[in-house]
*Asks:* 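Could you have a look at this structure, given as C-alpha cells, before my questions?
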Amino acid sequence: MTKLNLYLVRHGQTYFNIYNKLQGWSNSPLTAQGMDNARQAGERLRDVHFAGAFCSDTTRAMETIQTILDMNEADSVKQPVTAPYFREEFYGSYEGTNMDLAWYNAGAPHGLTNFHDIVTEHSIGTAKDWLKDADPFHDAENNQEYWERVDKGIALIKNAGLPDDSNVLWVSHGNTLLSLVERFGGGKYDVTVRPANGSLTRLLLTDDDIQVVAYNQ
C-alpha cells in the first residue's frame with residue numbers, strides 16, 4: 001500500500017498577490033518578500049528528507065521550490081519535477097484581473113458578490129463553474145476540467161516509484177491549496193481565505209485516499 005507524506009508549500013508572494021490580481025497560469029515575479037517567504041519555508045524544512053519534489057511550471061513555484069531544496073540539509077532530491085498538471089486554476093480571460101471584480105462578475109448573476117459568499121453558500125467548485133460561465137471566451141477551467149488536470153498531477157506523484165512513507169515536497173498555489181483542502185479536509189477547515197504565502201499544509205496520500213493532516217501553518 002502506498003503511503004506518502006505530502007508537504008505542500010504555497011509559493012512566495014508575487015507582485016500579482018500584492019495587486020490583488022488573479023494569477024492562474026500567468027507568471028508574476030516573486031517580490032523581495034516572496035523570496036523571504038521561500039527562504040523561511042526552506043528554513044522550516046531544512047532537516048526534512050524529501051524523496052521527491054513536484055511543482056507547476058510557473059516561475060513563482062519553481063523559484064520557491066528550488067530555494068527550499070537548495071537550503072535542505074537532509075540529503076533530499078536536488079531538483080523538482082515540474083508539470084502543467086500542478087498549475088493553479090486557469091482563469092481564462094480573467095487572468096490578471098482584480099480578484100474582487102472577477103468574483104463579483106462570477107457571483108452576481110446568482111445573487112452573490114464575492115468569493116467568500118460563493119464558497120460559504122456553495123463551494124470552491126461552484127466558484128470555478130461560475131467563473132467559466134462569466135468568462136466571455138469560456139476558457140476559464142470549470143471544476144471538472146480543473147480536477148481532470150490536477151488529478152493527473154496527483155497520479156504522477158503516486159506513480160513516481162517513491163519508497164513507502166516517503167516525504168514529498170509540493171509547492172502549490174493559493175486556490176489549489178484551498179481546493180485540495182475543501183475536497184479532502186472533511187469540512188474541518190475554513191476555505192474562504194487563501195493560505196499565507198510560504199505556509200505549510202500537510203497531506204497523507206495513500207492508494208485510495210488523501211487526508212489533510214495540517215493546514216496553513
Side-chain angles (χ1 to χ4, degrees), residues 1-12 25 37-38 41-42 44-58 60-62 64-69 71-72 74-90 119 123-125 128 141 143-191 193-217:
M1 177 177 173
T2 300
K3 185 176 80 168
L4 298 173
N5 307 300
L6 305 184
Y7 288 68
L8 277 70
V9 175
R10 187 183 176 198
H11 63 76
W25 291 10
N37 295 148
R44 291 180 68 185
L45 300 173
R46 183 185 294 273
D47 297 323
V48 179
H49 172 74
F50 293 110
F54 300 83
C55 71
S56 72
D57 52 357
T58 56
R60 61 191 184 276
M62 292 190 294
T64 299
I65 200 168
Q66 196 60 59
T67 297
I68 295 170
L69 293 176
M71 294 178 64
N72 190 270
D75 194 31
S76 295
V77 295
K78 303 303 182 186
Q79 292 183 320
V81 173
T82 62
Y85 305 136
F86 301 110
R87 289 179 188 173
E88 178 63 290
E89 176 184 351
F90 182 51
V119 174
S123 67
I124 296 173
K128 290 177 170 60
E141 288 181 311
N143 195 51
Q144 179 180 344
E145 293 165 337
Y146 172 81
W147 282 114
E148 284 177 353
R149 176 174 59 80
V150 174
D151 280 341
K152 293 176 182 176
I154 295 172
L156 185 63
I157 295 173
K158 187 181 296 186
N159 298 322
L162 301 173
D164 189 45
D165 208 27
S166 291
N167 298 321
V168 177
L169 178 62
W170 176 359
V171 169
S172 189
H173 302 268
N175 190 287
T176 292
L177 279 164
L178 291 176
S179 300
L180 288 163
V181 171
E182 180 181 70
R183 180 177 174 185
F184 299 112
K188 298 177 183 177
Y189 304 93
D190 181 4
V191 293
V193 180
R194 286 179 175 249
N197 293 106
S199 63
L200 176 63
T201 294
R202 295 186 59 189
L203 306 180
L204 178 64
L205 172 65
T206 60
D207 286 330
D208 50 15
D209 191 26
I210 296 179
Q211 299 175 12
V212 180
V213 177
Y215 172 61
N216 192 27
Q217 295 184 331

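Excluded from the calculations below are hydrogen atoms, water molecules and symmetry mates; all remaining heavy atoms, backbone and side chain alike, are included.
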*Asks:* For Ala53 and Leu69, which heavy atoms make the closest approach, and how far apart are they?
*Replies:*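 Of all heavy-atom pairs spanning Ala53 and Leu69, the closest is CB-CD1, 4.0 Å.
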*Asks:* Could you tell me whether a side-chain N or O of Arg87 sits under 3.5 Å from a main-chain N or O of Arg149, the two making a donor and an acceptor?
*Replies:*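 Checking the backbone N and O of Arg149 against the side chain of Arg87, no donor-acceptor pair under 3.5 Å is found.
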*Asks:* Would you name the heavy atoms of Ala41 and Val9 that are closest together and state the gap between them?
*Replies:*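 Heavy-atom minimum between the residues: CB-CG1, 4.0 Å.
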*Asks:* Nearest 0.5 Å, please: how far is CG in Leu4 from CG in Asp164?
*Replies:*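 Result: 7.0 Å between the selected atoms.
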*Asks:* Test of understanding: with side-chain hydrogen bond (donor to acceptor under 3.5 Å, both in side chains), list the residues that count as partners of Asn197, not counting sequence neighbours.
*Replies:*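 Listed in chain order: Asn17.
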*Asks:* Using the side chain to side chain donor-acceptor pair (under 3.5 Å) rule, collect all pairs that involve residues 177-186, keeping only residues at least two apart or in two chains.
*Replies:*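 For residues 177-186: Lys128-Ser179, Asp151-Arg183, Asn175-Ser179.
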*Asks:* A quick test of your reading: do over 12 heavy atoms of other residues, nucleotides or ligands sit less than 6.0 Å from CD of Gln144?
*Replies:*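 12 or below, so no.
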*Asks:* State which residues pass salt bridge (Lys or Arg N to Asp or Glu O under 4.0 Å) with Asp190; sequence neighbours excluded, sorted by chain then number.
*Replies:*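 Expected list: none.
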*Asks:* What is the distance from atom CG of Asp208 to atom NZ of Lys158, rounded to the nearest 0.5 Å?
*Replies:*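 That separation rounds to 7.5 Å.
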*Asks:* Heavy-atom distance under 4.5 Å between the side chains of Glu89 and Thr176, does that happen here?
*Replies:*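 They are not in contact (no side-chain heavy atoms under 4.5 Å apart), so the answer is no.
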*Asks:* Contact between Leu180 and Ile210 at the side-chain level, heavy atoms closer than 4.5 Å - yes or no?
*Replies:*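 Not in contact.
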*Asks:* Suppose we screen for side-chain hydrogen bond (donor to acceptor under 3.5 Å, both in side chains). Which residues come up paired with Asp47, at least two apart in sequence or across chains?
*Replies:*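 By the side-chain hydrogen bond (donor to acceptor under 3.5 Å, both in side chains) rule, Asp47 matches no residue at all.
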*Asks:* Can you list the residues that meet the side-chain contact (heavy atoms from CB on, under 4.5 Å) rule with Phe90, with sequence neighbours excluded?
*Replies:*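 For Phe90 the side-chain contact (heavy atoms from CB on, under 4.5 Å) partners, ignoring immediate neighbours, are Trp25, Glu95, Asp139, Glu141.
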*Asks:* Listed by chain and number, what are the side-chain contact (heavy atoms from CB on, under 4.5 Å) partners of Asn216, not counting sequence neighbours?
*Replies:*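 Partners of Asn216 by the side-chain contact (heavy atoms from CB on, under 4.5 Å) criterion, ordered by chain and then number, come out as Pro195, Ala196, Ser199.
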*Asks:* For the side chain of Arg202 and the backbone of Gln217, is there at least one donor-acceptor N/O pair under 3.5 Å apart?
*Replies:*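 No, Arg202 side chain to Gln217 backbone: no donor-acceptor pair under 3.5 Å.
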*Asks:* Going by the rule side-chain contact (heavy atoms from CB on, under 4.5 Å), which residues pair with Asp209 if we only count those two or more places apart in sequence or in a different chain?
*Replies:*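 Per chain and number, Asp209 pairs via side-chain contact (heavy atoms from CB on, under 4.5 Å) with Thr206, Gln211.
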*Asks:* Taking all non-hydrogen atoms of both residues, which atom of Cys55 and which atom of Ile65 are closest, and how far apart?
*Replies:*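 For Cys55 and Ile65, the tightest heavy-atom pair comes out as SG-CG2, 3.7 Å.
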*Asks:* Is the number of heavy atoms from other residues, nucleotides or ligands within 6.0 Å of OH (Tyr85) greater than 12?
*Replies:*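 Not more than 12 within 6.0 Å, no.
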*Asks:* Report the residues that fulfil salt bridge (Lys or Arg N to Asp or Glu O under 4.0 Å) with Lys3, sequence neighbours left out, ordered by chain and then residue number.
*Replies:*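 So Lys3 forms a salt bridge (Lys or Arg N to Asp or Glu O under 4.0 Å) with Asp165.
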*Asks:* Residues two or more places apart in sequence or in another chain: which of them pass salt bridge (Lys or Arg N to Asp or Glu O under 4.0 Å) with Arg10?
*Replies:*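 Expected list: none.
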*Asks:* By salt bridge (Lys or Arg N to Asp or Glu O under 4.0 Å), which residues pair with Glu145, not counting sequence neighbours?
*Replies:*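 Partners of Glu145 by the salt bridge (Lys or Arg N to Asp or Glu O under 4.0 Å) criterion, ordered by chain and then number, come out as Lys132.
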*Asks:* Measure the spacing between CG of Leu162 and CG of Asn5 and express it to the nearest 0.5 Å.
*Replies:*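 Leu162 CG to Asn5 CG: 11.0 Å, rounded to 0.5 Å.
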*Asks:* Short question: side chain of Arg46, backbone of Met71 - any donor-acceptor pair under 3.5 Å?
*Replies:*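 Confirmed, Arg46 side chain pairs with Met71 backbone.
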*Asks:* Looking at every non-hydrogen atom in both residues, tell me the closest pair between Glu148 and Lys152 and how far apart they are.
*Replies:*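 In terms of heavy atoms, the two residues are closest at O-CG, 3.3 Å.
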*Asks:* Quick one: does Thr64's side chain have a donor or acceptor within less than 3.5 Å of a partner on Ala38's backbone?
*Replies:*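 Side chain of Thr64 to backbone of Ala38: no pair is present.
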*Asks:* Does the side chain of Leu45 reach to within under 4.5 Å of the side chain of Leu200, using non-hydrogen atoms?
*Replies:*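 Side chain of Leu45 against side chain of Leu200, heavy atoms only: contact under 4.5 Å found.
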*Asks:* Holding to side-chain hydrogen bond (donor to acceptor under 3.5 Å, both in side chains), I want the full list of residues that pass it with Ser56, two or more places apart in sequence or in another chain.
*Replies:*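 Listed in chain order: Thr58, His173.
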*Asks:* Is the Phe54 ring parallel, tilted or perpendicular to the Phe86 ring (thresholds 30°, 60°)?
*Replies:*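 Plane angle between 30° and 60°, so tilted.
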*Asks:* Quick check for you: to the nearest 0.5 Å, what is the distance between Thr2 atom OG1 and Asn159 atom CG?
*Replies:*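 Here the interatomic distance stands at 8.0 Å.
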*Asks:* Decide yes or no on side-chain contact (heavy atoms from CB on, under 4.5 Å) for Ile154 and Trp170, but give the supporting numbers first.
*Replies:* CA-CA 10 Å; Ile154 295 172; Trp170 176 359; 4.2 Å; yes
*Asks:* Would you say that Val212 contacts Lys188 through its side chain, given a criterion of any heavy-atom pair below 4.5 Å between the two side chains?
*Replies:*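 No. Closest side-chain heavy atoms not under 4.5 Å.
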*Asks:* Donor-acceptor pairs are to be reported for all side-chain atoms of residues 74-81 against protein atoms at under 3.5 Å, with residues two or more places apart or in another chain.
*Replies:*
from	atom 1	to	atom 2	distance (Å)
Ser76	OG	Val48	O	3.2
Ser76	OG	Phe50	N	2.7
Ser76	OG	Asn72	OD1	2.8

*Asks:* Side-chain contact, heavy-atom cut-off 4.5 Å: Leu6 with Leu204?
*Replies:*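 Leu6 vs Leu204: side chains apart.
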*Asks:* If you round to the nearest 0.5 Å, how far is OH of Tyr215 from CG of Leu177?
*Replies:*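 Interatomic distance, Leu177 CG to Tyr215 OH, rounded to 0.5 Å: 6.5 Å.
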